[in-house]
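Only heavy atoms go into these numbers, but all of them, side chains included; no hydrogens, no water, no symmetry mates.
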Amino acid sequence: MKNELVIVLDFGGQYNQLIARRVRECNVYCEVKPYTMPLEEIKALSPKGIIFTGGPNSVYDPASPRIGKEIFDLGIPVLGICYGSQLMAYLLGGKVETAPVSEYGHTEVEVDPSDPLFVGVNEKTVCWMSHTDYISQIPEGFHVTAHTPVCPVAAMSYPEKKWYATQFHPEVMHTVEGMKMLRHFVIDICGCKGDWKMDSFVEGTIAQLKEKIGNGKVLCALSGGVDSSVAAVLLSKAVGKQLTCVFVDHGLLRKNEGDEVEAVFGPNGPYELQFVRVNAQQRYYEKLEGVTDPEQKRKIIGAEFIRVFEEEAKKIGAVDFLVQGTIYPDVIESGLGQSAVIKSHHNVGGLPDVVDFKEIVEPLRMLFKDEVRKVGLELGIPDYLVYRQPFPGPGLGIRIIGEVTEEKVKIVQEADAIFREEVAKAGVDKTLGQYFAALTNMRSVGVMGDFRTYDYAIVLRAVLTSDFMTADAAQLPWDVLSKAANRIVNEVKGVNRVLYDCTGKPPATIEWE
């Protein structure tokens with residue numbers, strides 16, 4: 001079955017994939033595409049709707065990202081957000097200028113609830129603004145549907161053409177009724193039925209994998225995290241013993257995690273596959289010796305992963321396909337369109353020439369994290385695996401600030417285990433998006449007994465998030481933090497101070513490096 005499709009055209013906005021994520025929450029399939037995508041290719045996809053993202057540029061700057069006015073001749077509903085709204089106005093004959101007063105953050109917006117985009121929305125609603133330019137004159141045929149005291153065109157629409165624009169960001173959780181607005185666009189205005197469901201995805205993907213792989217040999221990069229575990233089980237259902245899962249223990253995992261992964265996927269586990277564990281801890285420690293730059297650490301860890309898989313593939317024999325648990329945010333954050341490259345450790349651009357595989361297979365490539373979890377549940381994977389804490393590809397390598405050593409790994413493993421244990425004991429773990437301990441590169445003076453110490457500071461991090469694109473620092477109960485801090489200082493050698501990270505995303509990232 002071919003799913004209905006909404007396209008998000010990326011003009012460099014930081015929330016591009018979040019828009020797609022919100023559309024999928026309406027059970028409508030959505031993909032992010034670069035704004036440079038040719039018009040003929042857009043037409044060939046037959047999208048039910050198109051959304052223009054925000055972006056950091058000014059539309060009146062000749063160097064700013066543009067799209068041809070012809071896109072409005074396709075007869076497809078269009079929603080412009082922030083820069084996208086200004087671009088619509090500019091292309092269709094309106095006027096965009098530098099705003100006399102910039103707007104950032106929570107803003108009360110007065111909307112017209114009779115407009116199709118705002119049906120059922122409170123006349124005064126809180127939205128997230130982030131702009132220095134504004135639409136000073138709307139194009140012919142449009143009318144203003146929302147405003148603020150300093151922004152005369154906070155939204156505009158041309159219902160007969162199904163063209164809509166918002167200066168604010170409906171996709172972020174700070175826009176209180178944003179999901180209601182996006183649902184109106186994709187369901188009511190675009191006419192989507194909402195047929196994007198995980199049960200049909202599982203069935204269709206297994207069938208596609210069987211057809212694609214045939215009798216080929218498959219090697220799966222298994223980390224034990226949610227993404228690679230779900231990918232492995234999908235492949236196991238499709239090709240069984242043709243699948244060999246290689247689990248590389250790079251020494252940068254959480255406490256006891258290597259043994260836990262082996263218990264689930266090893267010979268005594270419930271899945272039909274072949275399992276190989278590679279203990280490569282010392283190899284990684286040697287490669288990372290003296291390296292402090294986080295980007296360089298990521299690249300070393302990623303490159304070494306490839307080397308290990310190449311070696312294992314040679315031992316196994318001819319291998320036709322390599323499976324990776326790449327998911328959609330990895331694809332986008334690795335440089336789709338005009339967006340900044342946020343992560344560089346995802347192998348989403350294919351494998352280096354030195355790796356002897358015919359083709360890479362990424363069955364989860366178009367899914368967001370919570371969709372991957374739904375697939376895991378559909379496959380019957382145990383809840384404790386499906387809802388496992390997210391863990392970065394480079395592991396503790398990016399939760400240790402500065403040089404990575406075996407001693408530092410043990411420190412952060414122990415501190416992290418204590419923190420996670422106290423959070424779980426308090427029963428607050430289910431409410432958190434992610435929580436962990438990181439080791440700073442800072443040492444400070446302390447007093448333990450009759451002795452002065454000069455040891456490391458551990459930082460604890462816990463966030464509330466539904467999509468990992470934005471996050472708020474969790475306000476954990478003080479007794480939980482206090483118990484965790486006391487235990488860490490008393491039980492973990494080399495630590496004499498514990499800090500708590502109160503920063504949201506943005507401006508910070510969830511991980512420390």
G225 backbone acceptor or donor facing S229 side chain under 3.5 Å: yes
Short side-chain donor-acceptor distance under 3.5 Å, N16 and T53: no
Geometric class of the Y83/F11 ring pair [parallel <30°, tilted 30-60°, perpendicular >60°]: tilted
Smallest separation among heavy atoms of V23 and C30, with atom names: CG1-CB, 3.7 Å
Check: Y60 main-chain N/O paired with S58 side-chain donor or acceptor under 3.5 Å: no
Nearest heavy-atom neighbours spanning F201 and V375: CD2-CG2, 3.6 Å
Pairing of E371 and K374 as salt bridge, 4.0 angstrom limit: no
Check: Y328 side chain, V32 main-chain N or O, donor-acceptor pair, under 3.5 Å: yes
Smallest separation among heavy atoms of A457 and L439, with atom names: O-CD1, 3.9 Å
Full working for salt bridge (Lys or Arg N to Asp or Glu O under 4.0 Å) between K369 and D227: CA-CA 8 Å; K369 177 71 76 175; D227 305 333; 3.0 Å; yes
Residues K212, E359; criterion salt bridge (Lys or Arg N to Asp or Glu O under 4.0 Å); working and verdict: CA-CA 11 Å; K212 182 182 186 70; E359 193 175 342; 2.5 Å; yes
R298 side chain near E295 side chain, heavy-atom distance below 4.5 Å: yes
Shortest non-hydrogen contact between A462 and Y435, atoms and distance: CB-CB, 3.8 Å
E31 and Y29 side chains, donor-acceptor separation under 3.5 Å: yes
Cation-pi geometry met for R24 and F368 (6.0 Å, 45°): no
Sidechain-backbone polar pair: E4 side chain, G194 backbone, donor-acceptor under 3.5 Å: yes
